[in-house]
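So the structure is just underneath, and the comments pick up after that.
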Amino acid sequence: MHAPAHFLFRTPSIRLVEREALASLPAHTLMRRAAWAAADLVAQRWPEGAIVILCGPGNNGGDGAMLAALLHQAGRCVRVWALPHAAPPPDAAQAWRELPEGLLQPGDPSQLHPEGKPPALIVDALFGIGLSRPLPDQAARWAGWARLTQAPVLALDVPSGLDADTGVAQAASIVATHTLTYIGDKPGLHTRGGGDHAGTVGVADLGLSERLAHHAHGAGRLIQASDCPALFTPRGNDTHKGSYGTLGLIAGAPGMAGAALLAARAALYAGAGKILVGLAEPDSCSLACDPLHPELMLRPAGDLLAQAGSLGVTCWVAGCGMGTGTASHTWLAQLLTRLPGEQPLVLDADALTLLAGDPALATMLVSRHTPAILTPHPREAARLLGTGTDAIQADRIAAAQALAARYRAWVILKGAGTVVSSPTGQWSINGSGNAGLATAGTGDVLAGMLGALLAQGLAVDDAARAGVWLHGAAADELVAQGTGPIGLTAGEIAPAARLLRNRGQSDARRGPGASA
Ligand SMILES: NC(=O)C1=CN([C@@H]2O[C@H](COP(=O)(O)OP(=O)(O)OC[C@H]3O[C@@H](n4cnc5c(N)ncnc54)[C@H](O)[C@@H]3O)[C@@H](O)[C@H]2O)[C@@H](O)CC1
Ligand SMILES: Nc1ncnc2c1ncn2[C@@H]1O[C@H](COP(=O)(O)OP(=O)(O)O)[C@@H](O)[C@H]1O
Ligand SMILES: [K+]
C-alpha cells in the first residue's frame with residue numbers, strides 16, 4: 001500500500017535537470033540511456049517483427065535514430081523515416097552519424113505497406129517536449145498513417161503533438177498505445193487529451209531520479225490507490241453510527257430531486273453514519289422519503305439548516321441540483337456564515353454558480369478559516385474565474401491553482417484527468433476514471449462521496465484526493481466488468497466504490513502482500 005509518491009513534472013523542471021545532467025555527464029550519455037531504455041522495452045514487449053521509426057528534427061528524433069541503431073544491432077528489421085533535419089542539435093547529430101547505412105528511407109512510410117502487413121511496431125520520435133508550433137504537414141500525414149495501420153505505436157517521451165504540460169493535443173497528434181517518457185512523468189500525459197494519446201505510460205528516469213527529487217517541491221502527483229490509505233483503514237468493531245459523522249446535504253430543487261438522491265445514496269454507500277437531505281424546496285418536501293433508501297432522512301432545506309445543531313450535522317455538501325434562485329442563495333449564505341464551528345463543506349454545481357454570481361458569497365467563503373472543497377466542471381470553473389471554458393481547458397493545472405487561490409479553497413477541477421489543487425497551489429492529477437463517467441449525475445455522486453469521507457473524519461486534503469480516486473476507480477471497476485464505458489449510469493458508481501473500499505479494507509486486515 002505504501003508505494004512511493006508518483007510525481008509529475010512540468011517542462012521547466014525537466015529541462016533544468018536535463019541541463020544539469022548534460023553539464024556533468026560525458027557527451028551523449030543521456031540520449032544513449034534514453035535509446036537503451038526504449039530498446040529494452042521493445043525487446044520485452046515487441047520481440048518480433050518489423051519496426052518503423054519516425055524521426056523529427058530535434059533530440060526526440062535523435063532518440064529515435066539511436067534506437068534504430070540499437071535495434072538493428074540486435075538483428076531487428078528497422079526502417080527509419082525522418083523529417084528534414086538540416087542542423088540537428090549536437091546529441092541528435094551524433095545519433096544520425098551513428099545510424100547504420102540503409103536504414104533511412106526516402107519518401108513516406110505509407111508507401112511501405114500499401115496493402116500489406118502493418119509493422120509490428122511504429123515508434124514515434126517526431127517531437128518531444130520541444131514542440132512549439134503546429135505539427136508540420138508531413139508529420140501530421142505520418143501520424144494519420146500510423147493511426148490507419150492500427151499497429152501499436154510507442155511514443156518516445158511524449159506523443160508528438162501532445163503538450164507535455166497541459167495535455168492539449170493538436171488535431172493531428174500521434175495516438176500512441178504506449179509512451180516511454182524520459183527523466184520524469186509529465187502532467188500532460190494524464191489530463192485532458194493525455195489519456196487518449198499516450199496509452200500506457202512508463203517512465204525511464206535515465207539515472208536522474210535523485211537530481212529530479214530536488215525539484216519535487218513544485219511537482220504534482222498522480223493520485224493512485226496508494227495515496228489513499230484512509231479509504232482502506234479497517235473499521236473498529238466498537239463503533240456506532242455517530243462514529244462516522246452526520247452529513248447534511250442541501251440539494252434537489254423541484255425537478256432536480258434526482259441529483260439530491262444520487263449524492264445522498266453515494267454518501268450512504270461511501271460509509272457516512274447518518275445522512276440528512278435538505279431538499280431545496282420552499283416549505284414542504286414533495287418527496288417524503290427515498291423508497292429505495294429509506295435510510296436517508298428528507299426534509300425541506302430551510303428546516304434542515306434551522307435544526308442543524310440539534311440534528312448533530314457534522315459536515316455539509318451543497319449545490320447538487322440546488323437551483324440558483326433567491327431561496328438557494330439564502331441557504332448558501334446561511335451555510336457560509338451562520339453555522340457553528342466551520343464544519344467541513346463541499347460546494348458543487350449550482351452552489352458554484354451562485355458563488356460566481358455574487359462577490360458577497362465569495363467573501364464569506366474566503367473568510368472561512370477551514371478551506372472548503374469546490375468541485376467545478378470546466379464551465380463552472382470558467383464562471384468562477386470570469387473567463388471561458390477554452391481558457392480553463394488550455395491549462396487545467398493553472399486554472400485549478402488560480403481558483404484555489406482566489407477562493408482560498410481546495411479545488412477539484414473535473415473532467416478527463418481531474419486536477420486537484422490545495423489552496424496554496426499544490427496540485428495532483430487523478431490517475432483513475434474513464435469516459436464512462438461522461439454522463440449526467442456522476443458529479444452529484446462525487447460530491448456525495450466527498451461529503452461522506454469528510455463526515456468519516458478524513459482531513460480535507462485526504463478526502464479531496466481519496467474522493468476523486470475512489471470515484472474514478474469505481475468507474476474503472478465497472479468498465480472492467482463490462483458495465484461501461486457506454487451506458488454506465490451514475491447510480492452504479494457508488495455500489496462499485498463500496499466494493500473497492502471493502503475489498504481494500506479486508507486486504508489491509510490481512511496485511512502486506514494483499515492487493516487493494
Ligand atoms: N538533450 C538531451 O540530452 C536529451 C533529450 N532527450 C529528448 O529530446 C527531446 C527534446 O528535444 P528538443 O529540445 O530537441 O525538442 P524536440 O525534438 O521535441 O523538437 C524540437 C525541434 O523541433 C523544432 N520544432 C519544434 N516545433 C516544430 C514544428 N511544429 N515544426 C517543425 N519543427 C519544430 C525545434 O526547432 C527543434 O529543432 C525530449 O523530448 C527527449 O525525447 C532525451 O534524449 C533525453 C536526453
Ligand atoms: N471523459 C472522462 N474521463 C474521466 N472522468 C470524467 C470524464 N467525463 C466526466 N468525468 C467525471 O464525471 C464527473 C462529471 O461531473 P459533472 O460534470 O458535474 O456531472 P453532473 O453535473 O451531471 O453530475 C466528474 O467527476 C468528472 O471528472
Ligand atoms: K515523440
Side-chain angles (χ1 to χ4, degrees), residues 11 14-15 18-19 21-22 25 27-35 37-38 54-64 66 83-92 95 123-140 153-162 164 170 173-174 176 179-183 186 191-192 195-196 204 206 208 258-259 262-263 319-321 348-350 352 375-380 412-419 430 432-447 449 467-468 471-472 475-476 485 490 493:
T11 307
I14 298 279
R15 288 288 195 200
E18 194 183 66
R19 274 201 303 278
L22 286 172
L25 293 169
H28 318 307
T29 304
L30 285 189
M31 192 170 278
R32 263 180 229 294
R33 288 179 184 171
L54 308 176
C55 294
N59 283 322
N60 196 250
D63 293 342
M66 204 162 269
L83 299 177
H85 51 279
D91 279 347
V123 175
D124 159 34
L126 289 167
F127 295 96
I129 56 175
L131 184 74
S132 56
R133 316 190 278 281
L135 285 170
D137 290 346
Q138 199 174 9
V153 175
L154 169 64
L156 299 188
D157 205 16
V158 183
S160 302
L162 181 76
Q170 297 184 24
S173 296
I174 284 279
T179 295
L180 182 64
T181 199
Y182 293 135
I183 302 180
K186 303 174 178 69
T191 195
R192 264 221 87 183
D196 285 336
L206 310 187
L208 303 183
L262 280 168
C320 315
D348 183 38
D350 290 339
L352 301 175
T375 58
H377 58 51
R379 189 142 49 89
E380 289 156 352
I412 293 174
L413 176 58
K414 298 184 290 192
T418 288
V419 179
N430 185 27
S432 68
N434 60 72
L437 290 169
T439 180
T442 51
D444 306 323
V445 170
L446 175 66
M449 284 179 163
V468 295
H471 182 255
D476 292 343
I493 297 165

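Residues: numbered from 1 along the sequence shown. Whatever order the structure lists ligands and atoms in, that order sets their numbers, starting from 1.
Of the N or O atoms in G443, one or more lie within a sub-3.5 Å distance of an N or O in ligand 2. Any N or O atom pair closer than 3.5 Å counts here, and G433 shares no such pair with ligand 2. Checked by distance only, ligand 2 and G417 stay at 3.5 Å or farther apart across all their nitrogen or oxygen atoms. Ligand 2 has no N or O atom lying under 3.5 Å from any N or O atom of L446, backbone or side chain. Polar contact with ligand 2: present for D444 (N/O pair, distance under 3.5 Å). Polar contact with ligand 2: present for T442 (N/O pair, distance under 3.5 Å).
Numbered from 1 in the order shown, with element, the atoms of ligand 2 that lie under 4.0 Å from a heavy atom of T418 read 27 (O). Under a 4.0 Å criterion applied to the non-hydrogen atoms of G441, ligand 2 contributes the atoms 20 (P), 22 (O), 23 (O). Set against the non-hydrogen atoms of H377, the atoms of ligand 2 under 4.0 Å away are 17 (O), 18 (O). Residue A438 approaches ligand 2 through these ligand atoms, each under 4.0 Å from one of its heavy atoms: 8 (N), 9 (C).
Under 4.0 Å from ligand 2, not a single heavy atom of D348 appears. When non-hydrogen atoms are compared, ligand 1 lies under 4.0 Å from the backbone of L131 as well as from its side chain. Looking at A139 against ligand 1, nothing comes within 4.0 Å, counting heavy atoms.
Looking only at heavy atoms of the protein, atom 37 (O) of ligand 1 is closest to G58 CA, 4.2 Å. Counting only heavy atoms of the protein, atom 28 (C) of ligand 1 lies nearest to P134 O, 3.8 Å. Looking only at protein heavy atoms, the nearest one to atom 38 (C) of ligand 1 is D157 OD2, 3.1 Å. When hydrogens are left out, the protein atom nearest atom 44 (C) of ligand 1 is L206 CD1, 3.8 Å; that is the closest non-hydrogen contact. Nearest protein heavy-atom contact of atom 7 (C) of ligand 1 is D63 OD2, 3.2 Å. The nearest protein atom to atom 11 (O) of ligand 1, hydrogens excluded, is given as N59 CB, 3.2 Å; this is a heavy-atom distance.
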Residues L162, K186; criterion side chain to side chain contact (heavy atoms under 4.5 Å, CB included); working and verdict: CA-CA 11 Å; L162 181 76; K186 303 174 178 69; over 6 Å; no
Passes side chain to side chain contact (heavy atoms under 4.5 Å, CB included), L446 versus L437? Steps please. CA-CA 10 Å; L446 175 66; L437 290 169; over 6 Å; no
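Taking a distance limit of 4.0 Å, we find that atom 25 (C) of ligand 1 is approached by some protein heavy atom. Within the 4.0 angstrom cut-off, atom 10 (N) of ligand 2 has one or more protein heavy-atom neighbours.
Inclusion of L156 in the first shell of the K ion (ligand 3) is supported: an N, O or S atom falls under 3.4 Å. When distances to the K ion (ligand 3) are checked against a cut-off of 3.4 Å, G64 contributes no N, O or S atom below that limit. Among the atoms of V158, an N, O or S atom falls under 3.4 Å from the K ion (ligand 3). For the K ion (ligand 3), the set of nearby N, O or S atoms under 3.4 Å includes none belonging to D157.
The closest heavy-atom contact to atom 5 (C) of ligand 1, among the options R15, M31, E18, comes from E18. Nearest residue to atom 32 (N) of ligand 1 from M66, K186, R133 is R133 (criterion: closest heavy atom). Counting heavy atoms only, G415 comes closest to atom 26 (C) of ligand 2 of the residues G415, A435, A259. Of the candidates A87, A140, G64, G130, it is G130 that places a heavy atom closest to atom 15 (O) of ligand 1. Summarising the contacts of atom 17 (O) of ligand 1 with T11, I183, I14, N60, the nearest heavy atom is found in N60.
The angle that D124 O and S160 OG make at the K ion (ligand 3), rounded to 10°, works out to 100°.
Under a 4.0 Å heavy-atom criterion, A440 is in contact with ligand 2.
At distances below 3.5 Å, not a single donor-acceptor pair connects side-chain atoms of Q170 with backbone N or O atoms of S160.
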